[in-house]
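Have a look at the structure below, then the notes.
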Amino acid sequence: MEFKRVLYLVLGWLSIGLAIVGVLLPVLPTAPFLILAVWAFSRSSPALAEKIRSHKTFGPVIRQWQDHGLIPVKAKIAAVVMMSITGTFLLLYSPAPLWLGIGVCVTMVLVAIYVVSRPSRPPIA
């Protein structure tokens with residue numbers, strides 16, 4: 001088996017593992033890891049990529065992102081709320097240095113701006 005293909009397979013399965021953890025822990029997002037898994041599997045095992053794309057629960061969100069760059073409104077709200085809670089907790093209760101907390105919060109604000117700026121509905125044809 002080609003090394004590159006094995007690397008993509010490992011990345012895909014690692015992403016699936018992180019997505020499963022994300023289902024159990026609300027602080028870790030699920031969809032971005034599934035999107036990464038589909039990307040990696042599309043380069044190593046198209047059948048596995050299609051299996052994720054056709055999943056009854058996660059498939060529609062993955063297809064919307066891949067086909068149109070869409071993020072559903074509910075997902076945007078969940079992402080921004082979770083980043084806000086995490087940032088607040090980090091700044092108020094974490095033993096991490098203040099500069100690190102501020103850096104993480106600035107990064108989360110930039111990610112939130114990106115997430116909110118993505119379309120929520122497909123373009124009208």
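Counting only heavy atoms from C-beta outward, the side chains of Ile52 and Phe58 never approach each other to under 4.5 Å. Residues Ile62 and Gln66 form a side-chain contact, since some pair of their non-hydrogen atoms from C-beta on lies under 4.5 Å apart. Leu14 has its side chain out of reach of Leu36: every pair of non-hydrogen atoms, C-beta onward, lies at least 4.5 Å apart. Inter-residue side-chain proximity for Leu11 and Phe41 is flagged as unmet; no heavy-atom pair is nearer than 4.5 Å.
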Might you work through the side chain to side chain contact (heavy atoms under 4.5 Å, CB included) test for Leu91 and Ile102, ending with a clear yes or no? CA-CA 7 Å; Leu91 289 175; Ile102 291 171; 4.3 Å; yes
Would Ile16 and Leu34 count as a side chain to side chain contact (heavy atoms under 4.5 Å, CB included) here? Give the steps. CA-CA 6 Å; Ile16 292 289; Leu34 290 176; 3.9 Å; yes
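In this structure, the separation between CD1 on Ile71 and OG on Ser117 is 7.5 Å, given to the nearest 0.5 Å. One finds the OG atom of Ser42 at 10.5 Å from the CD atom of Glu50 (value rounded to the nearest 0.5 Å). Rounding to the nearest 0.5 angstrom, the gap separating the CD1 atom in Ile85 from the CG atom in Leu90 is 13.5 Å. Separating the CZ atom in Arg43 from the CG atom in Leu7 is a distance of 12.5 Å, to the nearest 0.5 Å. Annotation: the span from Leu48 atom CG to Leu9 atom CG amounts to 7.0 Å, rounded to 0.5 Å. Atom CE of Met83 sits about 11.0 Å away from atom OG1 of Thr107, to the nearest 0.5 Å.
Looking at Arg53, its side chain never comes within 3.5 Å of a backbone N or O of Gly59 through a donor-acceptor pair. No donor-acceptor pair under 3.5 Å is formed between the side chain of Ser120 and the backbone N or O of Pro72. No donor-acceptor pair under 3.5 Å is formed between the side chain of His68 and the backbone N or O of Leu70.
In terms of hydrophobic clustering, with Ile, Leu, Val, Met, Phe, Trp and Tyr side chains grouped at heavy-atom distances under 4.5 Å, Ile113 and Val115 are assigned to different clusters. When the side chains of ILVMFWY residues are joined at heavy-atom separations under 4.5 Å, either directly or via intervening members, Trp13 and Val38 end up in a single hydrophobic cluster. Under the 4.5 Å side-chain heavy-atom criterion for ILVMFWY residues, a single connected hydrophobic cluster contains both Phe33 and Leu25. Taken together through direct or relayed side-chain contacts under 4.5 Å among Ile, Leu, Val, Met, Phe, Trp and Tyr, Trp39 and Ile20 form parts of separate hydrophobic clusters. Met108 and Met82 are members of different hydrophobic clusters when ILVMFWY side chains are connected at heavy-atom separations under 4.5 Å.
The heavy-atom pair separating Ala37 from Gly12 by the smallest distance is CB-O, 3.7 Å.
Every side-chain contact (heavy atoms from CB on, under 4.5 Å) that Lys4 has, sequence neighbours left out, goes to Glu2, Tyr8.
Under a cutoff of 6.0 Å and an axis angle of 45°, Arg118 and Tyr114 form a cation-pi pair.
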